[in-house]
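These notes concern the structure reproduced below.
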Amino acid sequence: LWPWLLASSGLSALIQLVTLPFFPDSPSYLLIQKGNEEACRKAIRKLWGEGDHQEEIDDIIKEKVAMTSTKTLRVLELVKEQSLRWQLYILMTVMTTLQLCGINAIYFYSFEVFHTAKFEEYLIPYVSLGVGLCECLSSILCSTLIDRFGRKVLLWGGYTLMCSVLALLTMTLSLQHQFFWMHYFSVILIFLFVIFYGIGP
């Protein structure tokens with residue numbers, strides 16, 4: 001079953017490959033990159049139907065003017081630029097915490113935790129699949145929550161909850177040989193960690 005499951009991702013790629021030639025180019029790409037206003041109007045009509053789309057074209061032209069007036073910085077210039085220093089620090093912090101948050105360790109050791117929790121051998125791949133499905137669903141949930149609460153609240157909340165879950169998971173894994181129910185609690189914590197990861201970072 002697993003080879004078919006892995007190969008199924010190729011189906012969506014094949015659908016995209018077949019249908020992509022029938023989609024119009026992006027109007028902003030045609031106007032900003034190619035400088036072809038007529039092709040841009042044609043693409044807009046194909047996407048949004050007939051009508052007066054001058055307002056959208058004016059927005060794209062404003063975007064083009066803004067892009068030409070913005071100076072492109074090299075990496076070293078970006079690091080030296082004082083006005084962008086805090087944005088760079090925030091970006092580096094978010095990316096570093098994202099890499100070191102523990103999600104890879106959770107995925108790597110989840111099989112062992114499920115095995116210790118006395119799940120049947122044939123059920124473990126499906127439980128692991130459920131963990132991945134939790135991440136997918138929580139990412140979809142995040143897209144609806146981000147407009148209501150904002151990115152900062154979700155980041156802080158997600159990381160706080162993930163730290164709490166990791167602390168509890170460390171305790172349950174340490175005590176799993178003393179209490180039989182700790183195995184199941186560890187499994188629940190793995191699912192919670194993945195959900196908080198999808199909602200937060």
Side-chain angles (χ1 to χ4, degrees), residues 2 5-6 8-9 12-13 16 26 28 59 63 66-67 70 73 75 77-120 123-201:
W2 279 105
L5 194 61
L6 288 171
S8 65
S9 60
S12 61
Q16 289 179 33
S26 163
S28 57
D59 286 340
E63 184 183 341
M67 284 176 67
T70 305
L73 298 174
V75 176
E77 292 173 332
L78 180 67
V79 172
K80 289 179 179 178
E81 184 64 45
Q82 287 279 67
S83 62
L84 300 174
R85 191 67 51 85
W86 276 108
Q87 291 92 320
L88 193 61
Y89 287 156
I90 290 167
L91 183 65
M92 286 171 62
T93 304
V94 169
M95 293 311 296
T96 304
T97 52
L98 190 61
Q99 292 300 315
L100 302 175
C101 70
I103 189 69
N104 293 326
I106 289 289
Y107 276 124
F108 187 78
Y109 289 110
S110 62
F111 186 89
E112 190 178 325
V113 173
F114 297 150
H115 187 72
T116 312
K118 304 292 189 293
F119 277 99
E120 295 289 339
L123 280 176
I124 292 176
Y126 296 104
V127 179
S128 299
L129 188 65
V131 171
L133 188 63
C134 270
E135 184 179 353
C136 181
L137 292 174
S138 59
S139 298
I140 294 167
L141 178 64
C142 175
S143 63
T144 60
L145 293 175
I146 199 165
D147 291 332
R148 181 175 294 178
F149 299 108
R151 187 77 179 131
K152 191 191 289 186
V153 172
L154 290 182
L155 274 173
W156 277 106
Y159 280 125
T160 304
L161 291 168
M162 284 164 62
C163 285
S164 305
V165 168
L166 282 179
L168 287 170
L169 188 59
T170 304
M171 285 171 46
T172 58
L173 290 174
S174 302
L175 299 170
Q176 64 184 353
H177 299 295
Q178 298 177 31
F179 305 98
F180 75 94
W181 51 268
M182 281 292 181
H183 304 302
Y184 305 106
F185 196 42
S186 298
V187 172
I188 292 166
L189 288 173
I190 284 174
F191 276 90
L192 284 175
F193 182 86
V194 171
I195 288 169
F196 295 147
Y197 173 80
I199 291 173

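Remember, predicted model here, so these are calculated numbers, not experimental data.
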Heavy-atom closest contact ([X] atom, [Y] atom, distance):
{"X": "V165", "Y": "L189", "answer": "CG1-O, 3.3 Å"}
{"X": "M182", "Y": "Q176", "answer": "CB-CA, 3.7 Å"}
{"X": "R85", "Y": "K80", "answer": "NH2-O, 3.3 Å"}
{"X": "Y107", "Y": "G132", "answer": "OH-CA, 4.1 Å"}
{"X": "R151", "Y": "I146", "answer": "CD-CD1, 3.5 Å"}
{"X": "S186", "Y": "L169", "answer": "O-CD1, 3.7 Å"}

Spacing of [atom1] belonging to [X] relative to [atom2] belonging to [Y], to within rounding of 0.5 Å:
{"X": "E120", "Y": "H115", "atom1": "CD", "atom2": "NE2", "answer": "10.5 Å"}
{"X": "L175", "Y": "T170", "atom1": "CG", "atom2": "OG1", "answer": "10.5 Å"}
{"X": "E135", "Y": "F193", "atom1": "CD", "atom2": "CZ", "answer": "10.0 Å"}
{"X": "Y126", "Y": "L133", "atom1": "OH", "atom2": "CG", "answer": "14.5 Å"}
{"X": "C142", "Y": "F196", "atom1": "SG", "atom2": "CZ", "answer": "13.5 Å"}
{"X": "T93", "Y": "L88", "atom1": "OG1", "atom2": "CG", "answer": "9.0 Å"}

Taking everything shown except [X] itself, do over 12 heavy atoms lie less than 6.0 Å from its [atom1]?
{"X": "F185", "atom1": "CZ", "value": "no"}
{"X": "Y109", "atom1": "OH", "value": "no"}
{"X": "E112", "atom1": "CD", "value": "no"}

Using 30° and 60° as the class limits, which term best fits the ring planes of F191 and F114: parallel, tilted or perpendicular?
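F191 vs F114 ring planes: tilted.
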
Evaluate side chain to side chain contact (heavy atoms under 4.5 Å, CB included) for I90 paired with Q87, printing each intermediate quantity in order.
CA-CA 5 Å; I90 290 167; Q87 291 92 320; 5.8 Å; no

What about W86 and Y89, are their ring centers closer than 6.0 Å?
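Aromatic pair counts; centres sit under 6.0 Å.
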
Start with the C-alpha distance between L161 and Y197, add both sets of side-chain angles, then the distance that settles side chain to side chain contact (heavy atoms under 4.5 Å, CB included), and finish with yes or no.
CA-CA 9 Å; L161 291 168; Y197 173 80; over 6 Å; no

Does S164 reach the main-chain N or O of T160 with its side chain, forming a donor-acceptor pair under 3.5 Å?
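Present.
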
Test of understanding: with side-chain contact (heavy atoms from CB on, under 4.5 Å), list the residues that count as partners of I195, not counting sequence neighbours.
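Result, side-chain contact (heavy atoms from CB on, under 4.5 Å) vs I195: C134, S138, I199.
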
Do the side chains of L98 and Y159 get nearer than 4.5 Å, heavy atoms only?
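Of all side-chain heavy-atom pairs linking L98 with Y159, at least one is under 4.5 Å.
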
